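Only one structure is covered here, and it is reproduced in the block below.
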Amino acid sequence: MSPGYPSAMSALIEELRWRGLLQDATEGAAEHLAEAPRSAYIGFDPTARSLHVGSLLVIMDLVHMQRHGHTPIALVGGGTGLIGDPSGKETERQLLTKEQVGENAEGIRAQLAHFLDFEAKSNAAVMRNNLDWLGGLALVDFLRDIGKHFSVNQMMARESVKRRLADETSGLSYTEFSYALLQSYDFLELYRREGCTIQMGGSDQWGNITAGTDLIRRVEGGRAFGVVSPLVTNSAGKKFGKSEAGNIWLDAELTSPFQFYQFWINTEDTDTVRYLKYFSLLSQDDIGLLDAATQTEPHLRSAQKALAEDVTRRVHGETGLAKAVQATGALFGGDLSGLSADDVADVFSDVPSSEVTREKLGGEGMSIVDFLSESGVASSKGDARRAVEGGGVYLNNVRVEGIERRVTMADALEGRFLVIRKGKRSYHLVAVLP
RNA sequence: GGUGGGGUACCGAAGCGGUCAAACGGGGCAGACUGUAAAUCUGCUGGCUCAGCCUUCGGAGGUUCGAAUCCUCCCCCCACCA
């Protein structure tokens with residue numbers, strides 16, 4: 001990077017680089033960003049009503065953009081979401097209805113507001129929906145003005161397309177094949193409407209992004225750039241963002257703040273520093289200290305805690321974080337005997353739960369096996385039996401010694417709750433109905 | 001359209017008339033060790049009223065005392081040929 005650029009601007013590329021967020025960029029992108037405030041966009045597919053942690057990395061791209069004085073644009077794919085991007089997908093996507101896509105776009109909009117400042121006086125974040133220009137697009141116009149700039153030969157040469165063509169079992173529909181055109185068109189529209197000159201995304205988007213910069217050059221004679229981030233994997237090379245329970249969502253309804261916090265706390269040592277760089281806003285120095293702490297006193301897991309706190313705070317706010325930390329302390333700190341039922345209710349408000357009637361626990365109560373399978377902790381009675389025999393089931397944090405164990409009202413804390421734990425960290429709360 | 005090879009549990013893959021609820025590997029769950037980590041080791045991994053019974057091996061029939069295994073038809077994949 002040559003001297004003479006405003007330092008605050010060129011610092012952006014520097015930061016993306018040390019954080020490992022910069023996988024690749026088109027020629028001249030660094031200089032372009034260093035010269036003046038720019039607008040950069042990322043597209044989000046409204047295929048679900050919530051984003052999940054897999055989207056977090058590119059969200060952080062926009063966060064860094066805004067912090068360094070550029071204008072971030074979040075494009076919700078209300079139009080393209082109706083089609084689906086074939087990149088990296090092995091099979092044809094399920095199409096969503098317009099209503100579903102609309103609802104999902106609303107949810108995503110709300111979540112992005114946790115990360116980006118849409119109210120800022122200068123370089124406020126902007127949200128756009130490509131349905132605005134795709135919705136009323138006439139096919140003939142599109143084919144004439146946009147389609148003629150795309151070479152089918154080139155599109156066929158793309159890895160993602162080739163793979164799908166080679167696989168006779170899945171195939172590739174014309175609809176999905178056209179996705180790259182629509183994404184390129186989005187870029188062109190944002191270039192025209194918002195003066196947006198940069199598209200960011202995951203490295204799997206590289207092909208779609210460069211198709212967009214090409215289109216802008218051909219149609220408008222303008223220069224546009226692409227900057228992509230790596231795809232996140234963990235050290236075992238497995239997909240990031242899944243737990244035993246499935247996807248980790250940003251929506252508290254789908255993944256509670258406690259579960260969200262736990263997801264980060266459980267990060268492997270070897271991944272933690274990398275994730276701190278990716279997902280937190282901690283400085284390079286602070287991360288260095290945490291890295292050192294992991295080396296010298298790994299059992300304290302300072303780095304995991306810092307990571308979990310930083311991310312949970314941003315997604316769920318101070319209140320959500322406080323509850324998650326409190327629940328974690330109560331659960332992993334020791335036994336429950338010191339907690340009142342109210343404490344338990346509070347701490348566990350976040351944990352998966354079910355209900356049982358007082359009647360069932362009366363007298364002899366019910367067998368532990370029935371209790372586990374009816375509460376959903378075990379998938380069947382056989383599963384419940386095996387879990388107990390394997391020594392992995394705890395009632396109110398006390399190990400259940402055998403399958404003859406019966407659960408009665410005497411086990412309910414103040415007659416209101418029972419806490420089941422299966423394994424080390426999978427908790428479940430059962431409320432006693434009056 | 002022709003010929004040949006296949007479809008087995010979450011995935012991959014053995015089995016090819018009884019000893020098959022089905023080897024083995026992966027994944028998943030649990031236990032031990034730890035630090036709610038990794039690695040490693042151990043157990044479990046169809047359902048149930050659980051030393052027994054019931055339902056599973058692409059689908060439907062059939063042969064047999066007995067079928068994942070044999071036969072018939074159908075559906076779907078793969079390879080080569082046209």
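Computed from a predicted model, the values in this text were never measured in an experiment. Throughout, a chain's letter reflects where its sequence line sits, starting with A, and its residues are numbered from 1.
- One finds a side-chain N or O of Ser380(A) lying less than 4.0 angstrom from the OP1 or OP2 phosphate oxygen of G47(B).
- For the pair Arg19(A) (side chain) and Lys277(A) (backbone), a donor-acceptor distance under 3.5 Å is present.
- Between the side chains of Asp269(A) and Gln304(A), at least one donor-acceptor pair of N or O atoms lies under 3.5 Å.
- Two residues, His299(A) and Gly423(A), neighbour RNA chain B, and the one matched to the more 5' nucleotide by heavy-atom proximity is Gly423(A).
- With RNA chain B read from its 5' end, the first of the two nearest nucleotides for Ser373(A) and Gln262(A) is the one closest to Gln262(A).
- Contact check, Arg386(A) against G31(B): no side-chain N or O comes under 4.0 Å of OP1 or OP2.
- In this structure, the ring of Phe258(A) has its center no less than 6.0 angstrom from the ring center of Phe348(A).
- Taking only side-chain nitrogens and oxygens, Arg301(A) never comes nearer than 4.0 Å to OP1 or OP2 of A38(B).
- Nearest to the side chain of Asp269(A), among U36(B), A37(B), C48(B), sits A37(B).
- Whole-Å rounding puts the Leu331(A) CG to G35(B) C1' distance at 17 Å.
- Residue Lys305(A) places no side-chain N or O under 4.0 Å from the OP1 or OP2 atom of G35(B).
- Contact check, Tyr394(A) against A30(B): no side-chain N or O comes under 4.0 Å of OP1 or OP2.
- Gly391(A) comes within contact range of the sugar-phosphate backbone alone, with a heavy-atom separation under 4.0 Å but no base atom that close.
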